[in-house]
Amino acid sequence: MLDDDRIEITTKPLDAGELSGLMNDADCGATVTLDGYVRKWTAGRETLHLVYEAYEPMAIREMRILAAAARERFAISRIAVVHRLGKLDIGETSVIIAVSAPHRGPAFDACQWLITELKRTVPIWKKEVYADGSDWVDPQRSRDPGDGQASSP
Amino acid sequence: MSGSDAQNPISVTVLFFAAAKDAARASELLIKAPYPATVRSIKAQVFDQLPEISRMSRSLMVAVNETYAVDETQVMDGDVVAFLPPVSGG
């Protein structure tokens with residue numbers, strides 16, 4: 001149900017376990033959670049930290065649109081999409097997506113779909129800060145066979 | 001409103017984010033634009049005023065009032081037009 005969704009942008013540290021637990025309800029048999037955190041190495045360069053910024057009202061709006069679309073496409077119950085902004089150190093969580101469902105298949109599929117779409121459409125930007133400079137990440141330029149994007153899940 | 005009001009220039013708030021904000025050296029710009037205005041005409045005006053932004057033109061998306069827009073989207077008095085570089089959330 002929409003009231004039980006958590007669609008948020010925050011500057012506070014994120015707790016994937018806590019958010020995942022909030023997605024439980026009696027109709028569900030599984031919660032699938034993505035905990036996306038800052039990676040140290042990207043194409044041989046060492047990241048010192050990341051800085052995230054967002055067009056906040058539009059980002060929330062787009063995140064809500066994605067949650068509604070996921071609910072249409074997949075047989076799921078509760079949805080959490082939470083993104084953190086500001087300065088994040090190595091290992092800190094930048095994004096959590098948690099989806100509960102009666103069955104694990106739709107939960108896995110919806111979680112994967114939500115992170116892919118978030119990275120494609122939600123107006124949030126990250127700046128990589130290295131020892132020798134900093135760059136706003138350009139998703140077109142920084143293709144990594146593992147995940148398609150620098151320093152991110 | 002009377003017919004003559006429709007010809008007055010409109011006021012538009014332009015927002016810049018991330019690399020566009022660095023290039024513009026500002027996060028927000030208040031502009032007056034001729035009526036009628038579209039995303040295309042607002043972009044042209046901003047690119048003319050800020051050459052550093054025009055250099056990013058091919059990769060910029062535009063939102064009007066927090067919704068993705070296209071070149072043909074109308075822009076009205078009081079609208080907020082945001083210039084969005086390629087997103088990199090997550």
Side-chain angles (χ1 to χ4, degrees), chain A residues 9 34-39 42 50-66 81-85 88 93-97 111-112 114-128 134-143 147-153, chain B residues 11-31 37-40 42-43 46-47 50-90:
Chain A
I9 287 178
L34 167 82
D35 176 356
Y37 43 90
V38 179
R39 202 171 61 227
T42 296
L50 300 186
V51 181
Y52 282 92
E53 81 172 48
Y55 183 7
E56 285 189 51
M58 184 177 172
I60 291 283
R61 178 196 270 243
E62 289 293 319
M63 284 156 69
R64 289 198 182 126
I65 288 171
L66 290 185
V81 179
V82 181
H83 206 298
R84 186 177 168 199
L85 302 181
L88 267 71
T93 295
S94 54
V95 63
I96 298 171
I97 304 212
C111 189
Q112 168 93 298
L114 281 163
I115 186 62
T116 301
E117 289 302 295
L118 181 148
K119 288 162 84 68
R120 195 175 67 81
T121 68
V122 175
I124 297 175
W125 298 269
K126 68 164 141 296
K127 183 194 286 193
E128 295 247 13
S134 66
D135 288 318
W136 288 104
V137 170
D138 181 343
Q140 250 89 47
R141 260 193 296 117
S142 47
R143 281 261 160 243
D147 58 27
Q149 190 150 151
S151 292
S152 68
Chain B
S11 290
V12 173
T13 301
V14 177
L15 301 181
F16 300 108
F17 292 92
K21 181 171 68 177
D22 290 351
R25 282 179 242 258
S27 60
E28 190 170 318
L29 198 66
L30 223 59
I31 64 171
T38 59
V39 165
R40 184 183 280 111
I42 298 294
K43 281 203 294 193
V46 171
F47 292 161
L50 297 168
E52 307 83 356
I53 295 292
S54 74
R55 256 176 250 132
M56 309 174 70
S57 64
R58 250 179 259 133
S59 64
L60 287 172
M61 294 286 287
V62 175
V64 177
N65 301 335
E66 301 167 11
T67 304
Y68 280 110
V70 293
D71 279 352
E72 295 71 34
T73 304
Q74 281 200 304
V75 177
M76 314 291 278
D77 188 43
D79 278 354
V80 177
V81 178
F83 283 60
L84 313 175
V87 300
S88 54

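Letters A, B, ... are given to chains in the order of the sequence lines, protein chains preceding strands, and every chain is numbered from 1. What you see is a predicted model, and the numbers here were worked out from it, not measured in a lab.
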Can you find a heavy atom in the side chain of Val62(B) that is under 4.5 Å from one in the side chain of Leu84(B)?
no
Best-contacting candidate, Ala19(B), Pro86(B), Ala18(B), Ala63(B), against chain A by heavy atom pairs under 4.5 angstrom:
Ala18(B)
Short N-O contact, Lys127(A) and Asp135(A), less than 4.0 angstrom:
no
Arg40(B) side chain to Thr73(B) side chain, donor-acceptor N/O pair below 3.5 angstrom
no
Side chain, backbone, both or neither: which part of Arg120(A) has a non-hydrogen atom closer than 4.5 Å to chain B?
backbone
Selection from Asn65(B), Thr67(B), Leu15(B) maximising heavy-atom pairs under 4.5 Å formed with chain A:
Thr67(B)
Report the distance from atom OG of Ser27(B) to atom CG of Asp22(B), rounding to the nearest 0.5 Å.
11.0 Å
Measure distances from Ala54(A) to the heavy atoms of chain B and classify the residue's part below 4.5 Å as side chain, backbone, both or neither.
backbone
